[in-house]
Amino acid sequence: MSGKSRNPSVSSTDDKGSLAHIETAETTPSQLDGTETQSWAGTPEEKKLVRKLDMRIMPILCILYLFAYLDRTNLGNARLQGFPEDTLGGDPTGVLYDWVNSAFFFSYILCQIPATIASKLVPLPLWMGLSAVLWGLSSTLMATGFNFPGMIVARIFLGAFESCFSPGIPLYLSLFYTKHELGTRMAAYFSFASLAGAFGGLIAFGVQHIQSSISNWRLLFIIEGVPTVVLGFWVIFLLPDRPETTRFLSEQERVIQKDRMCRGVRADVGRVLTKKHIGWAFRDWRLYVAGVIYFGANCAISSIAAFLPTIITTFGVSNASAQLLTVPPYAVNAVLMTATCYLSDRLQSRGLFMTISGVVAGVGYIIMLVVPDNNHARYFAIFCVTCGAYTTIGIIIAWFAHNLGSETKKAAGMPLYMAIGQCGAVLGSHLFPLTEGPQYIRGFGVSCALVFLSAVGSAILSISYRIENTRRDRLFGVADRNINIDTTQLADKAPMFRYIP
């Protein structure tokens, strides 16, 4: 610690609510100064372990998320295959379709916070596997729907069961990967949402050419729903549980993984909850700013998922061609998002890349608004919107997987900002009624404003984290990367904890 550093056990101000007073009451010297431990960082054994984790965990989660996103978003493809005519009485205004689409998000928003907190108390493979089986059944049974109420019920159950999986993935991956590895893995995971859009278009294109007594859209739900049920049982038996209990790791690998879990922080691990960290999560203003960022980006990607095939038909192409033209934007986004998140990991900077991504998406919407008659420019704009919005989501998930400090605060805080952000998906589901096509001025205008708001929020968060890191460096000294910071009591408020800006 530098000579200018102050003694953290002595308050330098009369403000009884200051961080210094909190630290005096609740910290120990080891929490302030850290504890030197044997580190496996950079060793051949650690690299071998990371490869083993990548080969087992990432394929399972990525493939499952691919089908989760297919099941969530296949309504957009079904819309061009007779779904409204068969179940919604034709739906000439598109309002009923909007409500069926948004019904998913109501249960998803309400259930994700308690579901993620509860997931800390049960074996994670069982929790995720059963949720996959149940949402797969819900998706498959949508093929049996014949009216508006039936489709609403199926979508509500789909959202409730899927909320037990996706919001908990950042917490799960943070159990196995360090902050220098997490961004790239989250990008690889989230890129499968883009691949789902690409595969969804290809599958829909193929299904549309099937001659069958069953409606094409019913076949689509069956083809994309049944594999999820099978994958759910696969997850129960193959996905590793927590590092301290899984049989997937040898004893030496478990020791190395425990060192990795504590690298930089020593948090509340195991099937325990620290109640005060839950309260701190709900009182953390940065999580609400993150919710605003997530809101804007989610409004964009939900409307893309639900309406992109419909928007492309305004280019004057057939329904089958529109399904096919949805593939390239998603494919390009998967590559660009992964590359951007990799750079974000290497530079340990999140806010800058999110700000740029938000601006790119906003520029795409501006193009859609100002050149409504140039289909080539509008198709390019779709690439901008898709790449910008999806990259923002991919990075912010990795951002808060580290910046909340403890497992309990992550379990409460990450689904909190996600729940706020998913309200943007509800809004996005109602921005593009058929009566406002082909220009969709309101939908593009609102989405444009929201992604620029996301960019501003990203800049604000990044600056605030940099200011706080500088303040702690000045008060407590520059943090040593080789020292484990105990966050079991103070979470991210621990004096030697440093945020990724």
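FYI, the numbering just counts along the sequence from 1.
Put simply, the side chain of Asn77 does not reach to within 4.5 Å of the side chain of Phe83, judged on heavy atoms. Counting heavy atoms from C-beta outward, Ser303 and Leu431 have side chains that stay 4.5 Å or more apart. The side-chain heavy atoms of Pro125 and Ile236, taken from C-beta on, include no pair separated by under 4.5 Å. The closest side-chain heavy-atom distance from Val451 to Val360 is not below 4.5 Å. Within the 4.5 Å cutoff, no side-chain heavy atoms of Met418 are placed close to those of Asn298. Put simply, the side chain of Tyr365 does not reach to within 4.5 Å of the side chain of Cys384, judged on heavy atoms. The closest side-chain heavy-atom distance from Ile311 to Tyr379 is not below 4.5 Å. Counting heavy atoms from C-beta outward, Tyr294 and Gln422 have side chains that approach closer than 4.5 Å.
Judged by distance alone, the side chain of Ser107 and the main-chain N or O of Ile156 form a donor-acceptor pair under 3.5 Å. Looking at His209, its side chain does come within 3.5 Å of a backbone N or O of Phe205 through a donor-acceptor pair. Side-chain atoms of Trp135 never come within 3.5 Å of backbone atoms of Phe157 as a donor-acceptor pair (strictly under, hydrogens ignored). Between the side chain of Ser462 and the backbone N or O of Ser458 there is no donor-acceptor pair closer than 3.5 Å. With hydrogens and angles ignored, the 3.5 Å screen pairs no side-chain donor or acceptor of Glu468 with any backbone N or O of Tyr499. Side-chain atoms of Ser139 never come within 3.5 Å of backbone atoms of Gly136 as a donor-acceptor pair (strictly under, hydrogens ignored). Looking at Ser102, its side chain does come within 3.5 Å of a backbone N or O of Trp99 through a donor-acceptor pair. Using a distance-only test at 3.5 Å, with no hydrogens or angles considered, a donor-acceptor pair links the side chain of Arg56 to the main chain of Leu238. Of the possible donor and acceptor atoms, none in the side chain of Tyr342 sits under 3.5 Å from a partner among the backbone N and O of Gly183. In this structure, the side chain of Ser344 does not engage the main chain of Thr340 through any donor-acceptor pair within 3.5 Å.
Here the two rings, on Phe106 and Phe104, have centers that are 6.0 Å apart or farther. Not less than 6.0 angstrom separates the ring centroid of Phe233 from the ring centroid of Phe237. For Phe176 and Tyr172, the ring centers sit closer than 6.0 Å to each other. A ring-centre distance under 6.0 Å is found for Tyr390 and Phe190. No close placement of the His430 and Tyr97 rings is indicated, their centers lying 6.0 Å or farther apart. The distance between the ring centers of Phe307 and Tyr440 does not fall below 6.0 angstrom.
A donor and an acceptor atom, one from each side chain of Ser321 and Ser318, are located under 3.5 Å apart. A donor-acceptor contact closer than 3.5 angstrom links the side chains of Glu224 and Asn74. Looking at Asn333 and Thr386, their side chains never bring a donor and an acceptor atom within 3.5 Å of each other. Side chains of Ser429 and Asp98: no donor on one and acceptor on the other come within 3.5 Å.
Relative to the six-membered ring of Phe400, Arg286 misses at least one condition, a distance below 6.0 Å or an angle of at most 45° to the axis. For the pair Arg498 and Tyr465, the cation-pi criterion (under 6.0 Å, within 45° of the ring axis) is not fulfilled. Stacking of Arg218 on the aromatic ring of Phe146 is recorded, both the 6.0 Å distance cut-off and the 45° axial limit being met.
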Starting from the C-alpha separation in whole Å, work towards a yes-or-no answer on side-chain contact (heavy atoms from CB on, under 4.5 Å) for Thr87 and Trp217. CA-CA 11 Å; Thr87 61; Trp217 66 268; 3.5 Å; yes
Does Arg155 form a side-chain contact (heavy atoms from CB on, under 4.5 Å) with Asn101? I'd like the steps, not just the answer. CA-CA 8 Å; Arg155 291 285 289 181; Asn101 184 57; 3.4 Å; yes
Please evaluate residues Tyr65 and Phe192 with respect to the criterion ring pair (Phe, Tyr, Trp, His ring centres under 6.0 Å), reporting the C-alpha separation (whole Å), side-chain torsions for both, the decisive distance (0.1 Å), and the verdict. CA-CA 7 Å; Tyr65 189 56; Phe192 276 71; 8.3 Å; no
Dump the intermediate steps for side-chain contact (heavy atoms from CB on, under 4.5 Å) on Leu416 and Tyr288, then the final yes or no. CA-CA 8 Å; Leu416 170 61; Tyr288 294 95; 4.0 Å; yes
Criterion side-chain contact (heavy atoms from CB on, under 4.5 Å) on Leu134 and Glu162, from CA distance to verdict: CA-CA 8 Å; Leu134 293 172; Glu162 198 171 315; over 6 Å; no
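Scanning all heavy atoms of the two residues, the minimum distance from Leu70 to Ala196 falls at CD2-O, 3.2 Å. Here the closest non-hydrogen pair linking Phe161 and Ser138 is CD1-OG, 3.6 Å. Scanning both residues, Pro84 and Ala78, for their nearest heavy atoms gives CD-O, 4.4 Å. Taking each heavy atom of Leu173 and Met186 in turn, the nearest pair found is CD1-SD, 3.4 Å. When every heavy atom of Ser302 is checked against every heavy atom of Ala425, the shortest pair comes out as OG-CA, 3.2 Å. Closest heavy-atom contact between Trp399 and Gly351: CH2-CA, 3.7 Å.
Taken from OG in Ser194 to CG in Leu336, the straight-line distance is 9.5 Å, to the nearest 0.5 Å. Going from atom CG of Leu453 over to atom SG of Cys299 covers 11.0 Å, rounded to the nearest 0.5 Å. The CE atom of Met128 sits 9.0 Å away from atom CG of Leu64, with the distance rounded to the nearest 0.5 Å. Distance CD1/Ile382 to CD1/Ile304: 8.5 Å, rounded to 0.5 Å. Taken from OG in Ser454 to CD1 in Ile396, the straight-line distance is 8.0 Å, to the nearest 0.5 Å. The distance from atom NZ of Lys179 to atom CG of Asp345, rounded to the nearest 0.5 Å, is 11.0 Å.
Salt-bridge formation is detected for the pair Asp54/Arg185: a Lys NZ or Arg NE/NH1/NH2 atom is positioned less than 4.0 Å from an Asp or Glu carboxylate oxygen.
Between His277 and Trp280, the ring planes are parallel. Angles under 30° get that label, and only those over 60° would be called perpendicular. The aromatic rings of Phe432 and Phe444 sit perpendicular to each other, their planes meeting at more than 60°, with 30° as the lower class boundary.
Tyr177 pairs by the ring pair (Phe, Tyr, Trp, His ring centres under 6.0 Å) definition with nothing, not counting sequence neighbours.
Open room surrounds CZ on Arg346; 12 or fewer heavy atoms of other groups in view lie less than 6.0 Å from it.
Between Lys409 and the options Thr274, Asp492, Asn403, a side chain to side chain donor-acceptor pair (under 3.5 Å) holds for only Asp492.
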